[in-house]
Amino acid sequence: MLTFEEKKEVIRRFPELTEKPISMNRLNYHFEGSRYEKKIVVEKLHPNGNGFVYVGDLLAYDADDRGLVNIRDFDETQLVEVIEDAIMYLSEVDEPKEEVVIEESWKNNKNDQLLLVHEEPFWNVYHAFNLEESFGTKEDAEQYLREEGFKKEK
């Protein structure tokens, strides 16, 4: 286990982090370059060696419900890795997916028309602007439409 002073030395290797003293001689390290509201990477580093690093929902870490992992028993390599991962996590922004709309027209023998629309994650059946039914799969939606006497228009 690294001492408080050793942990501070490791953390200070990251010029993008700003040290901010808080109560009881503890320190927080802020990442001003965060793409999110969350800016604190190292939280409550205590003179007894205890402290936390924010890793959000990264699967490589057993974080608590606030996204924090305890670094009390981390060695130098582990501490460097978790801080690098935290900075990377707070630097990335998920690109919005381009939504592909799939829309199909279905008619019955009375010429009534329903629309089958894929609106992630559901397959919705509309009559005009009114939602008639919603399904988890396209197959279920198509089965419903066939059972109601509708056929897909070509």
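The structure presented is a predicted model; accordingly, all values stated were derived computationally and were not measured. Note: hydrogens, waters and symmetry copies are ignored here, and every other heavy atom, side chains too, is used.
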Original post:
Quick one: CG on L145 to NZ on K151, what's the gap to the nearest 0.5 Å?
Top reply: 13.0 Å
**OP:** Taking all non-hydrogen atoms of both residues into account, name the closest pair between T3 and E6 and its distance.
**Re:** N-OE1, 2.8 Å
**OP:** Output, in order, the C-alpha distance, side-chain angles, deciding distance and verdict of side-chain contact (heavy atoms from CB on, under 4.5 Å) for S134 and V125.
**Re:** CA-CA 6 Å; S134 188; V125 176; over 6 Å; no
Original post:
Checking salt bridge (charged side-chain N to carboxylate O under 4.0 Å, His left out) for the pair K110/D112: CA distance, chi angles, key distance, verdict?
Top reply: CA-CA 6 Å; K110 296 177 188 171; D112 296 322; 5.5 Å; no
Original post:
In terms of hydrophobic clusters joined by side-chain contacts under 4.5 Å, are I102 and F122 together?
Top reply: no
**OP:** For E142, check salt bridge (charged side-chain N to carboxylate O under 4.0 Å, His left out) against everything at least two apart and list the hits.
**Re:** K138
Subject >> Verdict with reasoning, N25 to F4, per side-chain contact (heavy atoms from CB on, under 4.5 Å) >> reply: CA-CA 11 Å; N25 296 322; F4 178 63; 6.0 Å; no
Original post:
Shortest non-hydrogen contact from I87 to F14?
Top reply: CD1-CD2, 3.8 Å
Subject >> Pairs touching residues 70-86 that satisfy salt bridge (Lys or Arg N to Asp or Glu O under 4.0 Å), sequence neighbours left out >> reply: R13-E76
Subject >> Separation between CE of M1 and CG of L79, rounded to the nearest 0.5 Å >> reply: 12.5 Å
Original post:
Which pair of heavy atoms, one from W106 and one from E104, lies closest together, and at what distance?
Top reply: NE1-OE1, 3.3 Å
Subject >> side-chain hydrogen bond (donor to acceptor under 3.5 Å, both in side chains) partners of E16, counting only residues at least two apart >> reply: none
Subject >> By salt bridge (charged side-chain N to carboxylate O under 4.0 Å, His left out) - contacts of E147 (at least two apart) >> reply: none
**OP:** Considering non-hydrogen atoms only, spot the tightest contact between G149 and N108 and give its length.
**Re:** O-CB, 3.3 Å
**OP:** Please list, chain by chain and in numerical order, all residues satisfying side-chain contact (heavy atoms from CB on, under 4.5 Å) with E139, sequence neighbours excluded.
**Re:** T137
Check residues 47-56 and write down every donor-acceptor pair under 3.5 Å in which the side-chain atom is one partner and the other belongs to a residue at least two apart or another chain.
unit_1	atom_1	unit_2	atom_2	d
N48	OD1	H46	ND1	3.3
N48	OD1	N50	N	2.8
N50	OD1	N70	ND2	3.0

**OP:** For side-chain contact (heavy atoms from CB on, under 4.5 Å), just list the numbers for V69 and L58, CA-CA rounded to whole Å, side-chain angles, deciding distance to a tenth of an Å, and then say yes or no.
**Re:** CA-CA 10 Å; V69 63; L58 291 175; over 6 Å; no
Original post:
So, for L45 and V42, which heavy atoms are closest and what is the spacing to 0.1 Å?
Top reply: CB-CG1, 4.2 Å
**OP:** Return the set of residues passing side-chain hydrogen bond (donor to acceptor under 3.5 Å, both in side chains) with N28 (not counting sequence neighbours), or none when no residue passes.
**Re:** none
Subject >> Smallest separation among heavy atoms of I22 and L27, with atom names >> reply: CG1-N, 4.1 Å
Original post:
Does E19 have any side-chain hydrogen bond (donor to acceptor under 3.5 Å, both in side chains) partners at least two apart in sequence or in another chain, and if so, which?
Top reply: R12, Y29
Subject >> R35, CZ atom: more than 12 neighbouring heavy atoms under 6.0 Å >> reply: no
**OP:** Report yes if the side chains of F74 and L2 come closer than 4.5 Å at any heavy-atom pair, otherwise no.
**Re:** no
Subject >> Listed partners of L131 passing side-chain contact (heavy atoms from CB on, under 4.5 Å), at least two apart >> reply: N124, Y126
Original post:
Could you state the interatomic distance from CD (E133) to NE2 (H127), rounded to the nearest 0.5 Å?
Top reply: 13.5 Å
**OP:** Could you note down all residue pairs passing ring pair (Phe, Tyr, Trp, His ring centres under 6.0 Å) where residues 132-154 supplies at least one of them, sequence neighbours left out?
**Re:** F135-Y144
**OP:** Sequence neighbours left out, what pairs pass salt bridge (Lys or Arg N to Asp or Glu O under 4.0 Å) with at least one residue falling in residues 36-47?
**Re:** K38-E43
Subject >> Residues that Y89 engages under side-chain hydrogen bond (donor to acceptor under 3.5 Å, both in side chains), provided they are two or more places apart >> reply: D57
